[in-house]
Amino acid sequence: MKIIPRIAAALAVLALAAPVIAAEVQVKMLNKGTEGPMTFEPSLVEIAPGDTVKFVPVDKGHNVETIQGMLPEGAQPFAGKMSEEVKVTFDKPGVYGFRCKPHYGMGMVGLIVVGKAENVDNAKVVTHPGRAKQVFAKLFDKLATEDTAAK
């Protein structure tokens, strides 16, 4: 009967030593989504450091790339090719702004928040063309509302 407590203790140690599994979130690149034409769904993604975002070109003619000035300090920018699936693992906490280059002015943009969004004020001051300006304003408002609700 002494073996059962030993097995239980060994299983507990193994469970605690198991690696943490990072999450993968899918973001669709769409010609038309629930928010209107030329959109990413979801356009606001909140993840933990080490998680991965997979950008899926559901409709052809889109790419995804970071926006200069909308990255945490020291974070590496990324840029995918047209109609290409892109996977990015985010290790640095902060706000990352992203866009579809050909549809940027039409508002095809989004935000990824990794952990604590310490660079949000810097990201907010970046200027954007056309409808992208209004979309980012909505995304930052939504982020602020969620942060307030969490407190």
Handout entry: Hydrophobic cluster identity match, Val27 and Phe140, side-chain contacts under 4.5 Å
Key = no
Practice task
Could you check if a side-chain atom of Leu143 sits within less than 4.5 angstrom of a side-chain atom of Val120, using non-hydrogen atoms only?
Solution key: yes
Handout entry: hydrophobic_cluster_shared for Val45 and Val135, side chain cutoff 4.5 Å
Key = no
Problem - Donor-acceptor contact present, side-chain Thr89 to main-chain Thr52, <3.5 Å - result: no
Practice task
Would you check if the side chain of Asp51 reaches a backbone N or O of Glu24 as a donor-acceptor pair within less than 3.5 Å?
Solution key: no
Handout entry: Steps toward side-chain contact (heavy atoms from CB on, under 4.5 Å) verdict (Phe136, Ile67)
Key = CA-CA 12 Å; Phe136 272 125; Ile67 298 171; 3.6 Å; yes
Exercise for the section: Working to the nearest 0.5 Å, report the span between CE of Met29 and CD of Glu84. Expected result: 8.5 Å
Exercise for the section: Kindly determine whether Leu111 and Met70 satisfy side-chain contact (heavy atoms from CB on, under 4.5 Å), including the steps that lead there. Expected result: CA-CA 9 Å; Leu111 284 177; Met70 296 186 79; 3.9 Å; yes
Handout entry: Side-chain donor-acceptor pair present, Glu41, Thr34, cut-off under 3.5 Å
Key = yes
Fill in the blank from the handout: Connected to Val125, directly or through other members, by ILVMFWY side-chain contacts below 4.5 Å are none
Problem - Where Pro42 and Gln26 come nearest, the two heavy atoms and their spacing - result: CD-O, 3.6 Å
Handout entry: Phe78-Val126 co-clustered via ILVMFWY side chain contacts under 4.5 Å
Key = no
Handout entry: Lys138 bridged to Glu35 by N-O distance under 4.0 Å
Key = no
Fill in the blank from the handout: Of all heavy-atom pairs linking Phe40 and Asn63, the shortest is CZ-O, 3.9 Å
Handout entry: Flag side-chain contact, heavy atom, 4.5 Å: Val88 against Val86
Key = yes
Exercise for the section: Could you go through the side-chain contact (heavy atoms from CB on, under 4.5 Å) check for Val53 and Ile47 one step at a time? Expected result: CA-CA 9 Å; Val53 176; Ile47 59 174; 4.0 Å; yes
Practice task
Answer yes or no: is there a donor N or O on one side and an acceptor on the other, between the side chain of Thr39 and the main chain of Leu30, under 3.5 Å?
Solution key: no
Handout entry: Nearest-0.5 Å distance that lies between atom NZ in Lys87 and atom CD in Glu85
Key = 6.5 Å
Practice task
Taking the side chain as every heavy atom from C-beta outward, state whether Val114 and Ile112 have any pair of such atoms under 4.5 Å apart.
Solution key: yes
Problem - Separation of Leu71 CG from Thr66 OG1 (nearest 0.5 Å) - result: 5.0 Å
Quick one: side chains of residues 91-107, donor-acceptor pairs under 3.5 Å with protein atoms, not counting sequence neighbours, listed by atom name and distance.
residue, atom, partner, partner atom, Å
Tyr96, OH, Lys92, O, 2.8
Arg99, NE, Glu65, OE2, 2.8
Arg99, NH2, Glu65, OE2, 2.6
His103, ND1, His62, ND1, 3.1
Tyr104, OH, His128, ND1, 2.7

Problem - Test side-chain contact (heavy atoms from CB on, under 4.5 Å) applied to Met38 and Asn31, step by step - result: CA-CA 5 Å; Met38 303 303 164; Asn31 289 342; 4.1 Å; yes
